[in-house]
Amino acid sequence: MRIQPRQQLLEIWQATARACLRDDEWVWGGRHHGSSISDAEQLLCIMLPATEVPRFRLDRPDETDKDVLRVLRGLGDHVDIPRRLVNTLTEFMGNYSDADGVPVFPGGTYLKSKQGGTAATEEQLSLDVVESFATSVTLALATIGFCRVFADSLSRPDLRVDVAELEALASKRLTAALTGLLRSFTINVFAPDHEYGQALLRTINQESLPAQTVVERFNRELREVRAGLRDYITAGTGQNAELDNNRMFECGWSWGIIDGAPKIGFIDESLQRDGHALDAPYLYFTVVALDGIADLFSARTRLLGLLDEEQQRLARALEIRWELTQAYWAAIASFGDGRWPLEDIPWRTVDGLESDYFSLLVTAIAARDLARRRDTDVDLSRLGQILTELANRGRLTRRSFPGDPGTVLHEPGIPILLEFQKPVDGPELYYDASDFAPLLLKRAVAVAALINDIKLRGTLLELADQVWDNVAKRKMRDGPARALWDQPAQVYDTLTVKYEQPTWHHTVRVVESLVLAAELAGTHPLRNERLATYAQDLLAEAEHLFDQEQLAGSTEAGLAVRRQLETVRQRIQRAREIASDRPGTAASILTNVLIEIDQFAAARSDARQD
């Protein structure tokens with residue numbers, strides 16, 4: 001990969017420290033100042049690498065990498081940095097809690113008025129949104145794990161108290177966020193002849209079959225999902241009782257807590273605010289929720305025991321919804337025997353909207369489902385082709401032109417109208433989704449990591465490199481925010497808006513992509529069977545010729561020759577150890593070994609002739 005994740009993450013950390021410190025104080029802000037989502041993303045730009053990439057760890061001060069200390073020197077030395085993070089994280093938890101200490105999850109400036117000149121009301125800006133729940137899950141888990149490890153290195157009682165207080169605040173926020181996600185889950189049920197049913201049929205019927213045939217297949221392929229939704233899902237939904245084989249449906253997460261979502265009996269009622277959101281899923285918020293919930297099942301969460309008993313109960317309930325939603329959208333994306341509905345770009349939602357951005361969101365779900373089922377590289381390669389097409393259409397790998405609709409994906413983005421089941425005074429609200437480029441980068445790296453075929457993986461990594469070239473050019477170039485994102489006008493001539501403040505939403509998406517790239521770089525290279533056979537053949541020849549040298553009496557030669565033979569023996573041993581996982585490296589070692597052994601034979605031959 002040309003991405004160089006380590007170097008890029010170091011540059012982002014340096015830029016984040018520069019942009020966030022004023023007079024030795026942490027400054028909240030960015031392009032979406034006043035949003036719990038943006039502030040959490042600002043912290044995640046530091047916390048994600050610090051908890052997911054071993055070389056970037058900050059929770060063990062004595063083991064902090066020198067390069068990390070260099071780029072974060074604005075935050076202090078190896079002792080000051082984790083202490084400052086504790087204080088800043090504690091400040092965040094306080095900023096987004098009410099007067100009674102109950103966590104809140106306001107969308108804030110992410111919520112925009114659809115009516116020009118009419119600003120969103122304070123009540124609207126304070127509404128809890130699913131993206132804040134999901135982002136807080138990721139941040140809270142990172143914080144709790146950070147506190148657990150950092151506390152072991154502390155001896156001062158006052159610091160241990162501060163860390164314990166932060167862990168308690170993060171745990172409370174995690175519980176509230178999981179509760180909010182649970183109460184935002186929804187099922188939308190409709191008849192096949194309803195406009196939603198007709199739209200869904202048009203999407204999945206890629207073979208132009210009779211509508212009744214498609215409905216019957218839909219019922220057959222989704223029967224397990226339907227049964228799971230009907231039998232196991234209660235909290236946050238009101239339509240599951242209508243699920244029968246004569247109706248179609250979709251499931252996922254709305255933009256916020258559903259109006260009338262039932263309270264969860266074992267959770268403190270103070271953590272369960274009333275909802276206003278439409279009782280129907282949104283594709284954008286469904287993908288956001290799935291990403292956040294996935295962190296609950298990570299190896300790090302399990303190994304560090306980050307969930308208490310109450311949170312484990314919530315996580316189990318969310319896991320059922322996660323599994324069923326994954327299965328539903330993956331089945332819809334690949335429905336039928338011919339061309340996948342997902343390959344019919346752009347994706348169309350049941351309410352009649354269509355966009356390449358929606359295709360990218362569905363691809364994200366399908367990729368994760370294929371990873372869980374460990375499906376064939378053939379299916380994964382189809383996802384790769386879809387991502388390649390989306391990159392072209394979004395002008396990430398092709399040049400744009402005047403009036404190009406592809407640039408709309410980047411500025412102003414795709415507006416997502418937020419509909420209310422329970423009205424709130426104020427104008428209509430929408431949510432801008434403009435993170436197409438970093439999100440596609442993230443998905444390309446993620447799909448590449450799933451592929452076991454060397455050629456196919458190389459194709460996806462080449463796509464990731466091409467998308468990275470576009471994303472890297474969009475770094476801000478001036479002021480404290482330089483080297484952060486996003487300035488799309490630097491790539492697309494038809495865009496004229498220039499920003500002075502970074503968007504942490506885009507920056508954290510880039511960080512997520514780089515973390516995935518770092519994880520991929522840390523894995524063993526894919527095994528090539530032809531290369532492995534070649535390495536084994538070289539190993540057999542090298543060992544045989546080495547044995548001949550020993551029989552020929554080379555071991556009785558001078559000290560220099562004996563030392564050289566010992567080096568050859570060690571190299572053969574090293575090649576034998578790595579031949580299975582790294583056959584190319586083993587072959588390179590053995591090629592040099594064979595040259596050295598031949599030099600011994602040639603020297604003996606010359607000696608006999610003399």
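Remark: side-chain polar atoms of T121 are paired, donor with acceptor, to backbone N or O of D425 under 3.5 angstrom. Listed for the Q501 side chain is no donor-acceptor partner under 3.5 Å among the backbone atoms of G29. R173 contributes a side-chain N or O that, together with a main-chain N or O of Y96, makes up a donor-acceptor pair within less than 3.5 Å. Under the 3.5 Å distance criterion, the side-chain polar atoms of Q8 are left unmatched by any main-chain donor or acceptor of V510. Within the 3.5 Å criterion, the main-chain N or O of L181 finds a donor-acceptor partner in the side chain of W253. Distance alone, capped at 3.5 Å, is enough to place a donor-acceptor pair between the S36 side chain and the P106 backbone. Listed for the R31 side chain is no donor-acceptor partner under 3.5 Å among the backbone atoms of W504.
Listed by first and then second residue, the side chain to side chain donor-acceptor pair (under 3.5 Å) pairs involving residues 16-26 are D24-R84 (not counting sequence neighbours).
The side chain to side chain donor-acceptor pair (under 3.5 Å) check on Y492 picks up H410, N470, with sequence neighbours excluded. For S270, the side chain to side chain donor-acceptor pair (under 3.5 Å) partners are D268, not counting sequence neighbours.
The existence of a salt bridge linking R509 and D291 is excluded, since no basic side-chain nitrogen approaches an acidic carboxylate oxygen closer than 4.0 Å.
Between Y110 and H505, the ring-plane angle classifies as perpendicular under the 30° and 60° cut-offs. By the 30° and 60° cut-offs, the orientation of the rings of F92 relative to W28 is tilted.
Of all heavy-atom pairs spanning A315 and F297, the tightest one is O-CE2, 4.2 Å.
The neighbour count for E500 CD, taken as heavy atoms of other residues, nucleotides or ligands under 6.0 Å away, does not exceed 12.
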